[in-house]
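Written out below as structure tokens is the structure these notes cover.
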Amino acid sequence: MFNKRHLIFYLFKFFPLILGGAGGKGVWGKLGSEIDETGDCRDVNDPNYDSDTQGDYKLVAIEPILNDEELEKAVKPILQEYLEHGNTIEESLYDLNIGGTNGHKIVKMAIQLGLDRHNNQRELISQLISDLYNNVLSGVDISSGFDDLLNSIDDLRLDTPDAPNLLGQFIARCIADDCLAPKFITNYKGKVENKYFKEALDKANVLITMKQGMAHLDNIWGVGGGNRPVKYLTNKMVALLKEYLSSEDKQEAMRCIIELEVPHFHHEVVYQACDIAIENSTEPVINQMVSLIKFLTVDTVVITLDQFEKGIKRICDDIHDISLDVPNAAFLLDQMCVKLREVRVIGDGLFQELSNKGRKRFVSEGDGGLMKPL
Ligand SMILES: *[C@@H]1O[C@H](CO)[C@@H](O)[C@H](O)[C@H]1NC(C)=O
């Protein structure tokens, strides 16, 4: 039987069809024609099944690009599925690199679903849009999706009286996630008549212009869990770390970090510092980052050990994904951990815990050789 995880995986593989972006008009088969409960498609339970190599779907030229109704029929179940199993969206959707003509409708549909759900599902919708941005959705898709929503605000209010407020929150979060430009709001200045349309824009504007507004929008739905900083912050952190690599000025890096006023997201600095070092893969850059982390944790305690621990554990957890780009990522991270232990950022207990994390994963995937013995 098709399990749900793979269903989502498959449906996202079909995103090009849904978006109508790939292959030209009328080339692709209708979504769903390849997947039915009889398992007409590839057997994902086959031990030889490897999702990474299943790129060649047997798509036949039968139907034109999905119309609105078909699109809704195809996409809604995917979104509903996602809302139930938020963490099961596969990497595959990040690989899709397509421009679609239906992108804005996906945005509209997703947010509309979010309007009549609870906050934790709204959070998932916000995350989904941010994840799909630059992969499946363009900035134009997102802004015209919101355009459509704002223009139907009167209809939306029939089902969800609070729609202007909620829409404003979605807009603000997208801006904080760097997938919608702030000028989206200002462009409307003086052009909007509808009271509720205006209310939504005002709400968004208040949220993003508040002191530290951007930084707190990760928690706009109250369920962020403090684990996922908005892109706005991540981008700032990456920028200051890269600046540090060329200036070698630790004081300046520290000043920039303090200026962000987000001590609860300092784990992201640790995460990004390791990520940048791994991506670079050279000894000098690894040493530079180790030295900065030591300065920020042990020497100045700008980053608390709690935050450090959270950051380093997060990157250990993601190392498999990172090694898709950098094949010896696990080895490099291991090297970093050894160096961090030498300078007493990592104690023996944590070191053991981190090695176990890495080792277990790689051994279980038959890839034990990647982690060099310490
Ligand atoms: C690594 O960093 C060094 C020094 O900043 C730079 O010259 C080099 O191009 C980087 N290498 C990669 C692969 O990013």
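Here, residue 1 is the first one in the sequence, and each next residue gets the next number. First listed ligand is number 1; within each ligand, the first listed atom is number 1.
Atom 7 (O) of ligand 1 lies below 4.0 Å from none of the non-hydrogen atoms of the protein. For atom 14 (O) of ligand 1, a protein non-hydrogen atom is found at a distance below 4.0 Å.
Using a 4.0 Å cut-off between a side-chain N of Lys or Arg and a carboxylate O of Asp or Glu, D141 and K105 do not qualify as a salt bridge. We find that D177 and R173 are joined by a salt bridge, their nearest charged nitrogen and carboxylate oxygen being less than 4.0 Å apart. Using a 4.0 Å cut-off between charged side-chain N and carboxylate O, R255 and E259 make a salt bridge.
The number of heavy-atom neighbours closer than 6.0 Å to NZ of K236, taken from other residues, nucleotides and ligands shown, is 12 or below.
Given atom 5 (O) of ligand 1, the protein heavy atom at minimum distance is V285 CG2, 4.3 Å. Among protein heavy atoms, the minimum distance from atom 9 (O) of ligand 1 is reached at N280 ND2, 4.8 Å.
Residue L245 places no heavy atom under 4.0 Å from ligand 1.
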Quiz item: Is there a side chain to side chain contact (heavy atoms under 4.5 Å, CB included) between I319 and I278 once you walk through the steps?
Solution: CA-CA 10 Å; I319 200 67; I278 289 168; 4.0 Å; yes
